[in-house]
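Just so it is clear, the values below take in all heavy atoms, side chains as well, and ignore hydrogens, waters and symmetry mates.
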Amino acid sequence: MKDTFISKDIIYIGADDKDIDLFESQYIVPNGISYNSYLIKDEKTTIMDTVDKRKTEEWLKNLENALQGEKPEYLVISHLEPDHAYNIEMISRKYPEMKLIGNEKTFAFLPQFFNIPNIDERKVVVKEGDEINIGKHTLKFIMAPMVHWPEVMVTYEMLDKILFAADGFGKFGTLDTEEDWACEARRYYFNIVRKIWSSSTSFA
């Protein structure tokens with residue numbers, strides 16, 4: 001894949017999945033889906049999420065092409081569902097000095113899914129409003145529990161003003177799909193986000 005620059009230093013390294021029939025084994029996705037992952041090139045180069053097992057090989061190729069021989073300093077874990085997180089263990093073993101950024105719930109859940117070498121020495125625990133400077137770029141972390149799981153958080157990149165929004169503001173369909181964006185975004189919101197959030201929120 002040719003590098004897709006979101007800004008001068010931020011590269012899209014995700015992948016489209018055009019062969020999947022059902023998302024989460026229940027939602028029809030006639031135009032597929034995208035697994036979104038990014039690389040921020042800076043003094044402390046940072047990976048934003050991994051991708052699903054179905055696109056591991058393509059994602060790793062995209063990542064290595066974007067790294068150009070560098071080693072990543074951080075992996076930001078926004079969400080632990082497989083479409084975001086399947087390759088956490090693989091990439092952690094490939095880059096054993098890379099640190100993992102997540103919140104308290106992230107690291108409570110992580111051992112249930114992955115066996116990360118030296119996790120206690122590698123984890124960077126953030127909470128609401130914390131900031132990490134990686135060079136020119138500063139990442140600010142905002143907790144977003146139950147959008148989609150309890151550990152979800154979003155990351156605001158403060159230089160280019162980019163929000164890495166985990167499951168929020170998404171839609172079905174691959175990135176090259178030409179369709180009614182609002183219609184598919186509504187379908188995604190009502191089925192994926194609102195259902196989970198409403199069932200766990202009380203206004204009493």
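- With sequence neighbours excluded, no residue satisfies salt bridge (charged side-chain N to carboxylate O under 4.0 Å, His left out) with Asp19.
- Summarising the geometry of Glu151 relative to Leu80, their closest heavy-atom pair is OE2-N, 2.7 Å, with the distance given to 0.1 Å.
- Every residue two or more places apart in sequence or in another chain that forms a side chain to side chain donor-acceptor pair (under 3.5 Å) with Lys136 is listed here: Asp9.
- Heavy atoms from other residues, nucleotides or ligands lying under 6.0 Å from CD of Glu121 number more than 12.
- Evaluation of the salt bridge (charged side-chain N to carboxylate O under 4.0 Å, His left out) rule for Glu64 yields Lys94 as partners, not counting sequence neighbours.
- Here Pro117 pairs with Arg93, Arg122 under the side chain to side chain contact (heavy atoms under 4.5 Å, CB included) rule; sequence neighbours left out.
- The closest side-chain donor-acceptor pair between Thr45 and Glu70 falls under 3.5 angstrom.
- Listed by first and then second residue, the side-chain hydrogen bond (donor to acceptor under 3.5 Å, both in side chains) pairs involving residues 95-109 are Asn103-Thr106 (not counting sequence neighbours).
- Scored by the side chain to side chain donor-acceptor pair (under 3.5 Å) test, Glu157 finds His137 as partners (sequence neighbours excluded).
- For Thr155, there are no side chain to side chain donor-acceptor pair (under 3.5 Å) partners at least two apart in sequence or on another chain.
- In this view, Asp52 satisfies the side chain to side chain donor-acceptor pair (under 3.5 Å) rule with no residue, not counting sequence neighbours.
- Residue pairs meeting the ring pair (Phe, Tyr, Trp, His ring centres under 6.0 Å) criterion with at least one partner in residues 55-74, sequence neighbours excluded, do not occur; the list is empty.
- Using the six-membered ring where Trp is involved, Trp149 and His79 have ring planes that are perpendicular, over 60° apart on the 30 and 60° scheme.
- Residues passing the side chain to side chain contact (heavy atoms under 4.5 Å, CB included) test with Ile6, sequence neighbours excluded: Ile10, Tyr12, Tyr38, Ile162.
- Residues passing the side chain to side chain contact (heavy atoms under 4.5 Å, CB included) test with Thr177, sequence neighbours excluded: Asn31, Thr174, Glu179.
- Shown here are the salt bridge (charged side-chain N to carboxylate O under 4.0 Å, His left out) partners of Asp16, two or more places apart in sequence or in another chain: there are none.
- Annotation for Lys140: atom NZ does not count as buried by contact number, only 12 or fewer foreign heavy atoms lying within 6.0 Å.
- At a cut-off of 3.5 Å, with distance as the only test, no side-chain donor of Ser37 or Asp49 sits close to an acceptor on the other residue.
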